[in-house]
Structure formats: C-alpha cells, structure tokens
2 protein chains.
Amino acid sequence: MSPEPAVLADPAAPFAATRPRTAVATVCLSGTLEDKLAAASTAGFDGVEIFAPDLIASPLSPADIGARCADLGLSVDLYQPLRDIDSTDDARFAANLRRAGATFDVMAGLGADTVLLCSSVSPDAVTDDDRLAGQLHRLAEHAAARGMRIAYEALAWGRHVGTWDHSADVVARADHPALGLCLDSFHILSRGSDPSGIADVPGEKLFFLQLADAPQLTMDVLSWSRHHRLFPGQGEFDLPAFLEPVLAAGYRGPLSLEVFNDVFRQADPVRTAVDARRSLLALAEATARRDTGHHAGTDPVAVAAPELGGHAFVELRGPERPVAEAEAAAAAGAAADPGPDGPDLGTVLRALGFARTGVHRSKPVTRYEQGAARILVNSGAEDDPGADTSHGSGGSTTTAIAALALESADPQSSARRAQRLCAPLLPRRHGPGEADLAEVAAPDGTSLFFCRTDAPDGAGWAGDFVPTGERPGPGTGVTAIDHVGLTQPYDVFDEATLFYRSVLGLAPCADGEFAAPFGLVRSRALADDARRVRLALTVSLLRRGEWAPGVSDPQYIALATDDVVATARAARAAGAPLLEIPANYHDDLDARLEPPPERLAAFRELGVLCEADAQGSYLQVCTELLDGRLFLALVQRVGGHDGFGWSDAPVRMAAHRRRRLARSTGG
Amino acid sequence: MSPEPAVLADPAAPFAATRPRTAVATVCLSGTLEDKLAAASTAGFDGVEIFAPDLIASPLSPADIGARCADLGLSVDLYQPLRDIDSTDDARFAANLRRAGATFDVMAGLGADTVLLCSSVSPDAVTDDDRLAGQLHRLAEHAAARGMRIAYEALAWGRHVGTWDHSADVVARADHPALGLCLDSFHILSRGSDPSGIADVPGEKLFFLQLADAPQLTMDVLSWSRHHRLFPGQGEFDLPAFLEPVLAAGYRGPLSLEVFNDVFRQADPVRTAVDARRSLLALAEATARRDTGHHAGTDPVAVAAPELGGHAFVELRGPERPVAEAEAAAAAGAAADPGPDGPDLGTVLRALGFARTGVHRSKPVTRYEQGAARILVNSGAEDDPGADTSHGSGGSTTTAIAALALESADPQSSARRAQRLCAPLLPRRHGPGEADLAEVAAPDGTSLFFCRTDAPDGAGWAGDFVPTGERPGPGTGVTAIDHVGLTQPYDVFDEATLFYRSVLGLAPCADGEFAAPFGLVRSRALADDARRVRLALTVSLLRRGEWAPGVSDPQYIALATDDVVATARAARAAGAPLLEIPANYHDDLDARLEPPPERLAAFRELGVLCEADAQGSYLQVCTELLDGRLFLALVQRVGGHDGFGWSDAPVRMAAHRRRRLARSTGG
C-alpha cells in the first residue's frame, strides 16, 4: 500500500519558491531510528527532530547518525528533549547541568545546534520566576559556550510553567541570546490558550515551532497529548490561525511536526511520513492564502481545490454476464438469483432501473446510467494488462469499488494539485483518441479520476464508450449518486481525512461511532459545501482479530431518489435483491416515531430503514451483499437530512450477515 | 483458543449451595443476539439482560427469543433500557408512555418482568423531584397493569438525577410497588460516591444490580463508561466493598454484569462469557469471605488461593541437541553458535551455568538446575502424541514457554480451585508411577501446574526424572527464577489479569506502558505478597498490523542473581549468547545516574541494562532471541527494587531486532 517513491520525486516543486522548510520529529514514525530517517527522507522532508530515546537505542554513534542524515539530505533541526533542568536543590541543579553537558556532547556529534528544553514536571521545579530565569540563564551560558541554544517549551502539564506566555516571560527575564522559545501548537491549543499574543514576541526569541493537530477530547491533557495527536488537517485545531501570529512575529525556522499517535507509532513509517508531509504542504498553502487575504472560508486547507461538480461515475470491478444471458435470466424472472460468485452486477443494475448505455472502446468496461447516476462495470481481471488498471483496496477479485470519478471545473488543475499534495499518481493507460484522465490513488487504494463529462476535450470521458443504442429511461426513480461509502484500512483513517480535505477540498461534515455486531465502528463523512460530493468513511475502532465473522462493514454506493418507497418497489418488482429487515426494527420504529400506518406498512414491506432527527429523515433500502464486500443503497433525504443512516447500520449489518449465512447453507 | 465446553460442565458446582444467581447483559458480548445467548448459556450463566438494540436487529420475535432463552436454560432477568421517559412537556410525556407500552409488549413476548429505566439525559428532563416522582408513578402504574416493574437507574451523566441516593429519593417519593432501583456499580463508583448508605435502602426497592469494574481513568465519564468498563477483578474498583451494603440491604436478585468494553465487543463471545462468569464466581467468593469476617487483606479475590511457594520449574519447548554433540560444540568454543533453528537450548542453559540433572522417564524432557532455578526442556514435537501435551501460545514449533509449574502448599486444592474458576482443565497424561500433576490452561495457552517439589506423593514431580549423575555446581550465580515474562494475545490481557488474580491469588503490583520501536506496549505485573511468584504480562496497546517487523515482544525467563556482573561475565566466558547494548545507552546512563566508572565499564562490557528509582535498581543482561520468541535474562534487584526494567525494554527490543536482522543477512 505504500506509495511508490518514484511518484514522490519533488512533490513540492510548485511550492519551491515560497515553501517553508519542513521537518518531522522521529517520534512521529514507527521503527528504529534508521527506519525513521529513511522514511523522512523518502517523503521529502528537509530536516528532522531527533528524539533522544531513538538515538539511545541506536548502535550508530551521534556522529554516524549526523552523517546518515546528511547522506539522506536531512538536517538535524532539533534534538529533544532535555527535561527537568531547574531545581530548588542546588546540588541537583549542578547535576542537571552536568547532564545537559552530556546532551551537548551528543548534539555536537549530530551536528545539531538547538535542543528542546521542556518546562519541569519534577517536584523540585523552581517556582520563583526570577530564580528559574537565573538557572535557565546559567544553562544558556553553557550552551552558548558550545555554540548551541536552548528552546524552552511550556508543557501543558508543566509543574510551574504551563502556558506559552509564562515561558515567554521566563525567557525574557533570563535574557540570554542562546535561550529562546519552542512553541508547540498542542500545548497551547489544548489548554484553550489564545495564540494571538505570540505576534508580539520578538522574532529572534522564537527558536522552534512544533505543530500537531488533535481531536477535541475531554480527558487528561497528558494522555490526550501522548496518544491522540494528529497531523495538521486531521483534527479539530485551527492551525492556520495558530500559525499566523507565529509567522507575524518573525519565525523563520522550519515547520516541524511532533505527533504522538498510537496508530502512527505502529504503521509503515514511509506511509506515515508522506501523510505528515502532505499535512505541512496543505497547511503552508492554507496559511499563505490566509495571509494574502484570499481566504474567507472555514476550511483553510480546502479552498485551493477546484470546485467539484458531483460524482461523474463510480467504477465497479466485478462479474458481468453477457447481455444475452442476463436478458434471458431476467426474462425467466431469475434476475436476483446470485450465481456462485454472487449476483451479476449488470443484472442488479438493470433491476435497479439502470440502462446499459455504452461499451468501452478498448476495455471490458460497460456503462450504466439512470438520471445523473453513472456506474461503470469493469469485468476485466485486475492483473490482466489489457484491463483498466483501476484498483480497489484489497486487490482481490471480489466485487468492489475500483474508482471514483469526480466532476471538476478544471480536471488538470485538480490532478496537478493532487500530485503536489503527494497523492500517488497512477500510470496512465489509454487508447488512441481516448480520454487522458489523470488518476491518483486514495489512501485505501481506490482510484480517483478528475473529469468534466461535458467537455469536448480529453476530460470528456464519455466519448470512450460506444453507445449501445439503449437510452436511459425513467428507471426506478434514481436521480444521482448521493454518496459513496468506503471502508478504510485500519491504519489510514486519519490519513484519509487529510487526503480528502486537502486533495479534494472536502470538509468533515459528520463524525460518529456505532456498535456493530462484531465491534465498534468509527465513521466520518466529508462533503463539499454544496453537498455535490459526499464520501462516508468507516473503520473499526480497534483492528479486528480472528473473531470477525461475516463482512463487518462493506463498501456501498448510495443512489439518490425522491421517493424511496416507489423506487424500491419498482426495483423489487424487477428482481433487485433487496435486503429484508426484521419486524422488530419496524416495531421499534413505530414505538419511537409513530409514522402513519400505511407508511409504516410500506417500510416493513420494502425493508426501509429510517433515521430521523429534528431536521428530517434519511430513508434507505439496501441490496444484499454483492459478492461479499459491496452493496447498493437507495436513499431519500427528507427535509434536507444531512446524515448517513449510521444509527441503522448495526441492523443492516446483522441482516447482511444473516442473509449471507443463509445463502452459504443453501437458504 | 476457546476453552472446550466440556470442561465447563457445572464449573460452579462447589458453590451451588450458596451461590447467587448470575446474569450477563447481552451488550457485554460480541456477535448477534443469537451468538450472545448461546455464549451466555455455554459459560453457565443463569440469566441475561437483553439489550434492546440486540433484539431490534434480530429476526426472531420477542416470543421466539424468550423460547430460545428457555431452551438454553437462561431466564430473561432484565430488558434494557428505557430512556428519557419524564418530560416537562406533557404531550411528550404522553408519547413517552406510549413508547413504554411498546416496550412492555416486547417484554411480554420475552417473558421478562423488569425493565431498566435510565435517568433522563434529555433537555426536557423534569427537574422538580415531586413532578418527576409523579411521572414515574404514572409509568409504574402502567407497568403494574401488565405485571411488570421499573428499575430506575441514575446514570452518572444524568441531566438531573445522577447519583444513586437521588434516584433512591425519587423512587421513595414516587412510592409505587412496581417502581424500584437499579444499582450500577460503575455509575456509583465512577463518581466516587459512597455506597455504604445503600445498606439503609429497603431491600424490596432494590430491583436490580449491575456490576462492572473499571480502570481509574481521568476522562469524561460517558466515554469511560462506554469504552473502558471491565469485569469485576480486572479493574481498580473495590467491588466486594460495594456489594456488601447491597446484600446487607436485602438484595436477592442476580449478580448481573453490564460491561461496555471495546475489546470484548469484538472478541470471541464464548471466551468473553467464560471470563465474565469467572469474575462473578470470584467476586461472590470474595464477598462471602468478607461477610464471614475471614478476610482482612486488600485483595479479596485472591485470598482463597493456597499459598504459593515460588516457581517450581518452567518448561520450555524447543530444540535440544544430543548431549555428546552439545559437549563437542562446547569444547570447540562454539556454544553460542546458533544452528539454523537458533541456539540449542541445552547449550545455552549450560553456558548460563545450569547443570543437566535429569531425564524424564517417558518423555523427551530434560531437567536443568542451578540454585533453586529449574528449567525443563521439552524437545518433543507438539503434535507428537507421545510427547508432553503442554502447549505454549501460538502452537508453532518455535522455542517458547510451554508451562509454568508453581509450588503450592496444597496442589490438589489449587487445581480444584482453578477448575471451579472456569480454568480449562487439560487432559492428564502420565506414565505409571509418575506424578499426577493437575494442569490447567492460562488465557494465553500456557499450561499451569501446581506441585510440591519436596512432597513424597504424586505432587513430587522430581521423581519422574532419572538422575543423570550431574549435580548442580556453583554455576554462574543464578539463585532462582525471579519471574517469567509472558506476551499476551491482544484479546486476553484483561482476562489474564483476572485469571491470575483469582486462580493463583496474585495481585497486580505494577502497571506500565512503553514506546517500543514498532508500537506502544502495555505491561502489567502480578505477584504474591512475598514476591515468590512474579509474572510480567505485556500486550500491544493496539493490535499490530502488517508493519510489525521483528519480534515485538518475546517471552522470557528472568533468572535471579545477587551479582549480575559476575554472573554475566561467567556466562559470557562459557559462550552464552548475550545481547550487545549500544554505547549510546551507557553514555545516557552515565549522564543520568553517574555510576562509578569501573561499574559503568562493566555495564558497557556486558550489556547491562539498568533501571533505577529512589529505592534501588533493576539490572539485567539479556540473551539474544533463541529461535525468535524467547530469551533469558539475568537479573539483579538492588535495594529491593520491585520493577521489571520496562523503561529499558525499547532498547532491548531494538537490539534484539538488530541482532536478528544481522543474523538473517549472515552477520
């Protein structure tokens, strides 16, 4: 799943003129120090912060590590951390200075000139600010004698110094050129401190800047910091607003990431490093835009993406019977009969009211249409070199979503932007005269295309298909693709958030968690402001183990309709394999919402799931699983309901499992 | 890994005369409702609480579910929950009563007569206690008309009613025989409320009791409750002390578990149910002992276990060369040379100073001894029916810990107790005249034996070995087994805590978390008060994914010595494959602790790791990995240090991986 290093060659080149230096702390990445340095270099970082425990476990001497960094094109921008230097006990303080001297020795080997000093958490921390400043002055003298400098950081849980302004005050009192500040966005924003005053700090006192995002959690700040930090754009902190006063004050050092995150600590470090670098590129871009006043929206990372016009098509990979065979089956009333590989996709789409409107000029791909909803079925084997190279996550041959194509106002610009933001560009393969669509891989492996369906040029992909002569009729009432649901691999959920925010310009619009039959599921939806493009992401809250029977959370395409009852009824009459929902569900719905009896009867008959809030309701009818990991849903949003039916997901998942068990036992 | 149902046949029989009824909420278990009910029955529960969302997702009607429960020998002790019944809006209250009526319909089908009513969290919650009591009285009238009753529970985060005494006051004001209390240990203890006043509540008002333990966490109580509850004995709440006033008040209903836990929600439900039932058996036992005044200790779950005298032996499964070959290799100075399957265990043990003192009469097992440390090496294939049936976790043929044998004052009583507490009893296999040691499986699959090495009867296992004539000499100074380190499978960490507490009578003595190179590791040690038996358990904080190179956290045996430098030096001279530790580690040690130079030099030379605190220090020298998942450590506790060297584990783990990589590339 790792992006190919080749596609990362100078991903930030378009930003080169103005881009800030980027750095990453080794503590962000999994592996040994050697693994981490290699990953940071592969992702294109300019420098690193070296975390002392990583160095201590390494067999390389500090000088060898410094040489390794130089070979990899990385500067050592910071060594970290020094802890608990000041002391009310003079003998202890003397021992602490000795310890700092050993740190300076290490730094000399590394070729690092700045060390992070955390505010003390020790019971002997000095609480008199003048005495504290005096001790830090002494330390700075030692550093200066070695040509080094101390960047003092207020830990949010520091015993005496816990805020950035307190640390700035102590540094001002200490008044030594080798003593300055390290600002860490987490420590500042987690306490709800106002960063605007940072603009007034003398620029030469801002020695270092550490950036981290985080979700808003209600827990002790130490645990929050040590387990739940995220890269900028993955959480809920407003980092462009944080960065503004820092830059205004005159900070000119690197933008450096210090993110303690349980998942990143055990994920592929190259992949994490690319994700990390993407976060800084997007942040720099958003901040630059903010600076020049071009930005007034609420989602600064997103604004540079060309406007999206909707889902151009979704491409499925899966079995499709020859037309004659499918028509014979349909005539025999066996449309819904699944073969051994699951229901034929073409048959299911026809039963759902789609017309088969085109056949690709050179690939085994068929186009289905209804209203503005377009679905391509690619029946080529994934490893067939003649077949389309789109690849769904997992790489198996089961039915799955292979690609999303999005309408862009400027497809080429969208693709270039994606590439700038480290999206792995996939090799293009198109026949003579066929559309040249730029294709990038999303974190879960799904391909993303940008296109303009109505364009006369190469972005107009429709011309790649030979019309069958069949034209879209009224169908069952499906009007468009409402959204696409994508199950994320465990390690890439936060990466996916940042990817879709930065590359597509979507914004998170709903977060949730639900208790599925086999474990908790976390969900997040992203959408553009106009709600033309919606994506619903889900992931297991904990990675699943052996006990995970059935499909926990398949992918799906949600098809919009203005009357889900009529659409589902027509689809069922045409043989669509709709999912049965237990009577207990509708009994409970009746108890909770008391719908009109005839409406409730229709819901029961057709298996309509109904999630309601004060605004309206989200009605959905799902198909059975098509070959294990995909289903289609007919959805109606009543009263502008902006949700995704997650409260009904456990019922749907239990029904999918039941149906699958029944099928496997011949039921 | 699931215990065989056969061994669970009436596990609680010895408690039958006095034992309370036990129940489990379906929300504790993974799977569909049908999976959960089957698991509860298999584990021997008397009843269940049925969680409404489980029923709603089931295709079985309430009556069919009731019949299923009856077939499985389960009573439906509670249906739950009813939420947000009271309302400041009269029309809303009327609608809520209608909703409650639908719940009574479901209960009638189930054959359940008690429903849990949670205190309201709704913005329209009634805040006038008399009005609230009046509305609950109305609800109780409806319930009574159906022959049902309402158990009112104060949620810790209830909008108006959040404490047990407030809920008791409201119930008293409402004054209806069909309205009583549900007490939930989590809601009460998480708020730090004093439960002693419960003893004064009229017993007939205590309708239901829900039990849950939890770790002490500093976070919002709702998230704490929904993700981190544990079964009694797995967390930090004093549940025997909680239960005492409840029983004193006259509660005679079931002890029922309601545990929301992220791991249990996705683990094998049979396994979780057995763990759950063990927790209630241990709690009932501890509470009974507390009642009769026999108990004065601080660890009520543990006191009934016979006293443990130490580690009788540890049995390893792994390769052992024929003696002549090993001796020839040793004479050639090649003792430490690993073969393709890793170093020969016998050679390593000899180099560490062990004597080969006996050969088993009927199995391919050899006994090694030094001081009071005894290690058996079982070189039989695991699936060889003639071999010992001990089985380490994982079931592979790599070197691993197969069994722990503990000295018990009363081995038969220890074994019976283990069986009573649902420990799977393994089939006994012993030859004529050989010791008949009861063997049970710990949660990670390691076998546990209880024995009395000096006993003349069957518990005296030493007689099973034919002496080789070799006698333990001074060796290298190893005196005993200090402790054993066992990596736990991800899903069983909390289960293991309860298992060792209840079955062995150990108590948690240290909890930790450290950043290993490939992810965070959680650690917990358990020991008896006299520190004769110590176990160190570790588990990945998150289940590992594909990126987990090297062995993240192998098993080990820690061998005690009074002089780790002398012991390690002697072992190294004899060819023991000791692990090299990087110079950076000792440079840092020098900076932090400033040991005497000659001491530091010895530490560097021998790779001594040193964890120090105010009390003393824990010194250890580790061997390389022996065939992948096991190492041995020489440990010295200076000044009674009671730790386990976890702060040094990341350095050790990086060194193990490095050595392994070097070996795989011929280094």
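We use all heavy atoms of the structure for the numbers below, so side chains are in, but hydrogens, waters and symmetry mates are not. Sequence lines set the chain letters: A, B, ... in the order given, protein chains first and strands last, and positions in each chain run from 1.
Although no hydrogens or angles enter the test, the distance criterion places a donor-acceptor pair under 3.5 Å between the side chain of Q266(A) and the main chain of R543(B). With hydrogens and angles ignored, the 3.5 Å screen pairs a side-chain donor or acceptor of N584(B) with a backbone N or O of L55(A).
The environment of R68(A) atom CZ is sparse: at most 12 non-hydrogen atoms of other residues, nucleotides or ligands sit within 6.0 angstrom. Under a cut-off of 6.0 angstrom, the local environment of CZ in R92(A) is sparse, with at most 12 non-hydrogen atoms contributed by other residues, nucleotides or ligands.
Ranked by non-hydrogen atom pairs under 4.5 Å with chain B, the options D590(A), L589(A), L29(A), D105(A) are led by D590(A). Chosen from D587(B), T218(B), V651(B), the residue pairing most often with chain A at heavy-atom distances under 4.5 Å is T218(B). In terms of heavy-atom pairs under 4.5 angstrom with chain A, the leader among A102(B), S61(B), A591(B) is A591(B). By number of non-hydrogen pairs under 4.5 angstrom with chain A, the leading residue of S223(B), A654(B), P59(B), G519(B) is P59(B). Between chain A and the residues L542(B), T32(B), V106(B), L222(B), the largest count of heavy-atom pairs under 4.5 Å involves L542(B). Ranked by heavy-atom pairs under 4.5 Å with chain A, the list P650(B), A515(B), P269(B) is led by P269(B).
No part of I581(A) comes within reach of chain B, as not one of its non-hydrogen atoms sits under 4.5 angstrom from that chain. Proximity to chain B involves both the backbone and the side chain of V263(A), based on heavy atoms less than 4.5 angstrom apart. Proximity to chain A (any heavy atom under 4.5 Å) is restricted, for A267(B), to the backbone atoms N, CA, C and O. With a threshold of 4.5 angstrom between heavy atoms, Y490(B) approaches chain A through side-chain atoms but not through N, CA, C or O. Heavy-atom distances place the side chain of R658(B), and not its backbone, under 4.5 Å from chain A. Heavy atoms closer than 4.5 Å to chain A are found nowhere in L217(B), neither backbone nor side chain. With a 4.5 Å cut-off on non-hydrogen atoms, E513(A) touches chain B through its side chain but not through its backbone. Contacts of V27(B) with chain A are absent, with no heavy-atom separation under 4.5 Å from either backbone or side chain. Contact annotation for P53(B): neither backbone nor side-chain heavy atoms come within less than 4.5 Å of a heavy atom of chain A. With a threshold of 4.5 angstrom between heavy atoms, D588(B) approaches chain A through side-chain atoms but not through N, CA, C or O.
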List the steps, then state whether side-chain contact (heavy atoms from CB on, under 4.5 Å) holds for L541(A) with H227(B).
-> CA-CA 10 Å; L541(A) 192 69; H227(B) 295 279; 3.8 Å; yes
Starting from the C-alpha separation in whole Å, work towards a yes-or-no answer on side-chain contact (heavy atoms from CB on, under 4.5 Å) for D220(A) and M219(B).
-> CA-CA 6 Å; D220(A) 70 290; M219(B) 65 192 306; 5.8 Å; no
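Note: L520(B) CG to D262(A) CG = 5.0 Å, rounded to the nearest 0.5 Å. Note that CZ of R99(A) is 10.0 Å distant from CG of L593(B), once rounded to the nearest 0.5 Å.
Look at R657(A) and D35(B) and you find a salt bridge, because one of the NZ, NE, NH1 or NH2 atoms lies within 4.0 Å of a carboxylate O, short of that distance. Under a 4.0 Å N-O distance rule, the pair R98(B)/E594(A) qualifies as a salt bridge.
Nearest approach of P517(B) to S30(A), heavy atoms of both residues: O-OG, 3.5 Å. Scanning all heavy atoms of the two residues, the minimum distance from G31(A) to F518(B) falls at CA-CE2, 3.5 Å. Here the shortest heavy-atom pairing between S58(B) and P582(A) reads O-CB, 3.2 Å.
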